[in-house]
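For reference, the structure discussed in these notes is given below.
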Amino acid sequence: MAVASPDLHPPIVELIGIRKRFGPVVANDGVDLAVLRGEIHCLLGENGAGKSTLMKILYGLYPPDGGEIRVRGQKVHIRSPRDAMALGIGMVHQHFMLVDRLTVAENLIAGQEPVRNGLLDLRRARQAIREMADRYGLRVDPDARVQDLSVGEQQRVEILKALMRNVDILILDEPTAVLTPQEVDELFRVMLQLKADGKTLIFITHKLRETMAFSDRVTVLRNGRHVGTWRTADTSPEQLAEMMVGRQVTLRVARPHRLPGDVLLELDRVSAIDDRGQPRLRDVTLSVRSGEILGIAGVEGNGQLELEEVIAGLRPISSGRIRINGQEPRQPGPRGRRALGLAHIPSDRLRRGLAAPLPVTRNGILGRHWQPPFARRGVLREPAIRSHVGQLLAEFQIRGRLDAPASTLSGGNQQKLVVARELAHGPRVILACQPTRGVDVGAIEHIHSRLLEMRAAGAAILLISADLDELLALSDRLVVMYEGTIVAEGPADRFTRKELGLWMAGQRPDRAGSLAQAAPDRHPAPPKEGAAHA
Amino acid sequence: MSDAWEVIFQINTLTAALRLATPIALAAMAGTLSERAGVINIGLEGKLLAGAFAAVYVTYVTGAPWLGVLAAMAAGMLVGLLLGLFAIRLRADHVVAGVGINILLLGLTTWLLQVVWGGRGTSPAVTSLPRWSIPVLRDIPVVGELLGSHSPLVYFTLLAAPALWLVLFRTPAGLRVRLIGEHPEAADTVGIAVNRTQYLTLMAAGALAALGGAQLSLGDLAWFSQNMSAGRGYMALAANVFGQWNPVGSLLAALLFALTDAVQMRIQTLPNPWPAELVQMLPYLLTILVLSGAVRRSRPPAALGRHYPPDHGAGAL
């Protein structure tokens with residue numbers, strides 16, 4: 001195993017033999033990590049490898065069960081984020097620690113508020129925010145409410161929050177997961193600037209491309225153990241992938257060419273409003289053919305969730321028509337659509353895909369629990385259920401007991417259970433939404449190959465994903481959604497990542513003769529939205 | 001008919017409304033405070049009772065109503081601490097804990113009433129709080145009649161609402177409380193002691209609600225009677241929601257409820273064909289109507305009713 005090469009800079013943070021368990025799960029099993037002053041250190045590993053846990057221990061959110069932490073050579077006990085901040089350690093969390101309803105300034109000063117005559121001194125706060133923002137090119141409006149900011153802007157606020165606490169060691173937990181490619185570039189620009197300013201950055205990710213592009217050194221964790229630390233320049237993506245997973249993996253999926261068949265899913269000028277009555281889908285027209293995967297790209301919050309919901313029958317459409325397998329569903333809800341051959345892998349497995357406290361057996365038949373052979377005369381038939389779900393577990397290599405609550409399964413196994421259940425009955429149309437979000441590489445590989453099998457078997461698959469790599473790897477065609485409309489569509493291999501990013505940000509790539517087509521303006525948008533088309 | 005209107009809508013009705021609103025408003029502001037810190041406060045009814053009883057008991061023993069008021073605050077803080085113990089330390093469901101506190105305090109005060117004064121259902125009369133008559137203010141026509149002469153707790157309430165607004169929305173302490181009610185993880189990660197702040201807020205809220213109880217027993221009257229809060233704690237909860245978790249809104253909503261109550265009392269003095277019980281329902285009916293309309297558009301603090309640290313142990317590894 002490789003050993004960190006000697007370096008001129010001394011370690012600023014040393015974690016030695018850190019152990020942490022949650023009930024039966026060992027999250028960190030004697031992990032060592034040495035981070036050098038002024039470097040960008042990548043902490044690479046699959047979901048569940050223990051990266052976030054390790055960093056939350058360093059940030060004082062979890063007490064370790066054992067091990068030692070040294071900061072700047074001194075042994076320290078970090079009992080709370082307050083202790084961590086006093087040591088100059090800050091963290092940008094994967095799920096932003098921001099309050100939607102408060103302003104940027106209120107979020108930034110909370111915990112260390114400037115005070116004048118006993119009241120909050122917002123003028124001084126604004127000034128301090130502007131100074132810090134200018135220094136690192138992190139533009140934000142201190143008086144904007146967080147709920148009105150884009151995800152990228154919210155992340156800037158999170159970074160500012162750490163910087164305003166004078167940290168010189170900044171932990172970033174999966175910071176790129178929610179960003180468009182352009183926003184990722186912007187984030188890396190800021191990270192390099194922070195590094196130039198002498199800050200040390202610890203960057204948690206499971207994306208190899210980012211690791212290779214931006215880190216000085218990389219540490220791989222697997223199953224809560226330290227696998228190794230290397231200078232990034234001395235490794236390769238293939239090596240790192242193998243270290244992460246513990247075996248050889250294929251980073252590319254084979255997607256044999258296929259001629260698509262009949263249209264199985266058709267949306268004709270579908271519009272819908274969200275829970276607050278705001279229009280979220282505007283005249284969306286698309287079709288997916290048998291044997292075809294149509295990918296939906298877009299920054300989250302541009303209508304993908306509503307698109308999922310209207311197709312699944314979870315949200316009424318305000319106008320337009322949906323045809324599944326050539327027919328309009330007669331019943332409004334999900335059952336009518338399932339009857340027409342729709343399978344739905346929901347974007348949020350815990351909210352919609354599973355009844356997490358119920359056992360695996362029940363989760364394995366949800367949606368068909370009322371039908372033979374699982375139920376007869378309104379009574380569940382245990383033997384039929386157990387044999388069916390047992391088969392699913394074997395087929396999808398799901399690790400979990402039949403009678404265990406689904407909540408006790410790992411994220412990857414939960415997701416595989418949802419996918420297994422949905423694909424079990426030979427669906428004609430598959431609505432696959434974020435099918436591999438938050439699951440490990442092994443499960444991703446498995447789910448991707450299952451989806452491709454279904455494609456080969458003639459299913460029509462609509463793939464909604466925030467992961468551009470996934471979209472580009474699986475899709476035959478792509479459409480880009482922006483503010484509830486389709487702004488571009490074309491064969492997947494005609495889009496570059498950069499172009500996709502621009503479309504997703506609501507801009508039109510100005511490259512002359514771009515091969516991907518802008519969506520034809522079948523129904524011209526009102527002037528307000530014109531900017532997206534102009 | 002015009003006579004009836006005159007009886008109902010005279011300045012005295014408004015003065016009575018102000019007096020009646022005070023306990024509800026104080027309890028509603030207590031609700032605002034604790035719910036802004038993320039703790040559902042069903043226990044307001046119990047705190048009113050605790051305050052009302054403690055105020056009368058200490059006044060009975062010492063003869064000094066101001067000591068009674070202090071005792072009420074102490075009792076309220078104790079009940080607040082108890083709610084904290086259940087809802088924060090023992091991680092009980094907030095609603096269940098609050099209902100439990102209400103039942104406990106109803107039983108406890110009823111029992112103590114019997115133990116201390118024998119089984120009459122009411123305590124003997126004690127010295128009530130003085131009425132303050134505010135110079136200058138009392139000489140202004142109409143306003144003087146409305147605001148000129150009240151229990152000190154009425155004035156306290158009118159000043160407490162804007163003061164509490166200032167604390168919640170313009171001071172560091174208030175910002176921390178709101179942050180906790182919206183996103184305790186965020187508060188924790190910037191070094192705010194979440195549970196400690198919640199305890200302190202609950203105790204402050206307890207004191208405030210118990211002052212409402214003191215107004216019931218020592219301000220309006222001069223004795224304690226069994227279950228004398230009569231659901232005002234629940235109306236206060238409604239006022240808090242209707243007031244959008246804002247102390248000033250809570251005060252205004254309490255005034256609205258109390259005005260209905262005052263009107264209801266006037267109607268009873270008139271010759272009318274309706275049974276008194278039906279007329280007495282008016283304020284409660286209004287509470288229901290207002291809530292069914294208001295709940296739809298008002299948004300509670302995002303982490304209201306949640307435990308911190310979360311119940312499900314560590315989330316993602």
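These values consider heavy atoms only, across backbone and side chains, with no hydrogens, waters or symmetry-generated copies.
- Of the residues considered (A:L98, A:L122, A:D100, A:N28), A:L98 shows the highest number of contacts with chain B, using heavy-atom pairs under 4.5 Å.
- Side-chain contact between A:M97 and B:V190: absent, with no pair of heavy atoms (C-beta onward) separated by less than 4.5 Å.
- Atom CD of A:Q147 is surrounded by more than 12 heavy atoms from other residues, nucleotides or ligands within 6.0 Å.
- B:R176 places no side-chain N or O within 3.5 Å of a backbone atom of A:A110 that could act as its donor or acceptor partner.
- Closest of all the heavy-atom pairs between B:P172 and A:G118 is CD-O, 3.9 Å.
- Using a 4.5 Å cut-off between heavy atoms, B:A302 touches chain A through its backbone atoms (N, CA, C, O) alone.
- With rounding to the nearest 0.5 Å, the separation of CZ in B:R178 from CD in A:E106 is 4.5 Å.
- At least one side-chain heavy atom of A:R101 sits less than 4.5 Å from a side-chain heavy atom of B:R299.
- Few gaps surround CG on A:D148; more than 12 heavy atoms of other groups in view lie less than 6.0 Å from it.
- For the ring-ring contact (aromatic ring centres under 6.0 Å, His included) condition, no pair includes a residue of residues 173-210 of chain B, sequence neighbours left out.
- To the nearest 0.5 Å, the span separating CG on A:N117 from CZ on B:R170 amounts to 14.5 Å.
- Interface residue A:F96: only backbone heavy atoms are found under 4.5 Å from chain B.
- At a 4.5 Å heavy-atom cutoff, A:K20 makes no contact with chain B through either its backbone or its side chain.
- Between the CD atom of A:E158 and the OG1 atom of B:T189 there is a distance of 7.0 Å, given to the nearest 0.5 Å.
- Contact annotation for A:L119: both backbone and side-chain heavy atoms come within less than 4.5 Å of a heavy atom of chain B.
- Proximity to chain B is absent for every atom of A:L54, based on heavy atoms less than 4.5 angstrom apart.
- Proximity to chain B at a heavy-atom threshold of 4.5 Å picks out A:P81, A:R82, A:M85 from residues 80-90 of chain A, in numerical order.
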